[in-house]
Participant: 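Structure incoming, see below.
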Amino acid sequence: GAVVSQHPSWVICKSGTSVKIECRSLDFQATTMFWYRQFPKQSLMLMATSNEGSKATYEQGVEKDKFLINHASLTLSTLTVTSAHPEDSSFYICSASPQGGWGTQYFGPGTRLLVL
Amino acid sequence: DAKTTQPPSMDCAEGRAANLPCNHSTISGNEYVYWYRQIHSQGPQYIIHGLKNNETNEMASLIITEDRKSSTLILPHATLRDTAVYYCTSSGGTSYGKLTFGQGTILTVHP
């Protein structure tokens, strides 16, 4: 149990385009999901907390207008990177918990984004 | 900033126990200690967590010192597939479910 999926697993796009990444909890409902970003040879950095039915909470330094988060259902959160630029190339990972925001977080497999 | 510190790298022989230390002297009394590992190009995998007592599951054992300032993750019989980056982190209390990751320990298991 506690499986989290992401789609796509990797994406290549041109600079200036927008990219949507989906995060799904497959066998549980998730009122809260978290989005992380990881650059090569670095650790994971929390970007934002996604709350079902309400606005996401962004960490300091993360542009909310650039990284749009929508948590429209209890099993799906989406992260849209708008007007992507090469510096947005990174590994994006989401997490969720069957116990909501307080419980053990289970991570998706990640989405690798390359912006040309 | 991460509330935990770990050695940057460790080696272990296959079949031997791997003992990975973590210092978390600043976590609050109601924060859990969590361990995850990340194999190259994959999302982190949950290993184990604990609050005060030692814990064991099918993957590993977690030994937490009585003062909760440090802990040790034990992989009792390391295999080559255990080669990964191991992260010690904390969650709960005022941190809610958010996890703050430090640089972790690169564990290399060799034949």
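Chain naming here is simple, since letters A, B, ... match the order of the sequence lines and numbering starts at 1 in each.
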Participant: What about A:Val62 and A:Val115, same hydrophobic cluster or not, with Ile/Leu/Val/Met/Phe/Trp/Tyr joined at side-chain heavy-atom distances under 4.5 Å?
Facilitator: yes

Participant: Do any of residues 39-46 of chain A come closer than 4.5 Å to chain B, heavy atom to heavy atom, and if so which ones, in number order?
Facilitator: A:Lys41, A:Gln42, A:Ser43, A:Leu44, A:Leu46

Participant: Can you pull out every salt bridge (charged side-chain N to carboxylate O under 4.0 Å, His left out) where at least one residue sits in residues 29-38 of chain A? Sequence neighbours excluded, please.
Facilitator: none

Participant: What heavy-atom pair brings B:Gly43 and A:Ile93 nearest, and what distance separates the two atoms?
Facilitator: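 The pair with the smallest heavy-atom distance is CA-CG2, 4.4 Å.
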
Participant: Do A:Thr104 and B:Tyr32 have side chains that get closer than 4.5 Å, going by heavy atoms?
Facilitator: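 A:Thr104 does not reach B:Tyr32 side chain to side chain.
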
Participant: In terms of heavy-atom proximity below 4.5 Å to chain B, should A:Gln6 be classed as side chain, backbone, both, or neither?
Facilitator: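 Neither part, no heavy atoms under 4.5 Å.
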
Participant: Do B:Thr89 and A:Gln105 have side-chain heavy atoms sitting under 4.5 Å apart?
Facilitator: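 SC-SC contact between B:Thr89 and A:Gln105 ruled out.
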
Participant: Which of residues 59-87 of chain B get closer than 4.5 angstrom to chain A, counting heavy atoms alone?
Facilitator: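 Expected list: B:Tyr87.
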
Participant: With a 4.5 angstrom heavy-atom cut-off, which part of B:Gln45 approaches chain A: side chain, backbone, both or neither?
Facilitator: neither

Participant: In this structure, are over 12 heavy atoms from other groups packed under 6.0 Å from B:Ile106 atom CD1?
Facilitator: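 Result for CD1/B:Ile106: open.
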
Participant: If you compare all heavy atoms of A:Phe34 against all heavy atoms of B:Lys98, which two are closest, and at what distance to 0.1 Å?
Facilitator: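 So the minimum-distance heavy-atom pair works out to CE2-CG, 3.5 Å.
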
Participant: Sequence neighbours left out, what pairs pass salt bridge (charged side-chain N to carboxylate O under 4.0 Å, His left out) with at least one residue falling in residues 76-93 of chain A?
Facilitator: A:Lys66-A:Asp88

Participant: For the residue pair B:Gln38 and A:Phe91, what are the closest heavy atoms and their distance?
Facilitator: NE2-CE2, 4.0 Å

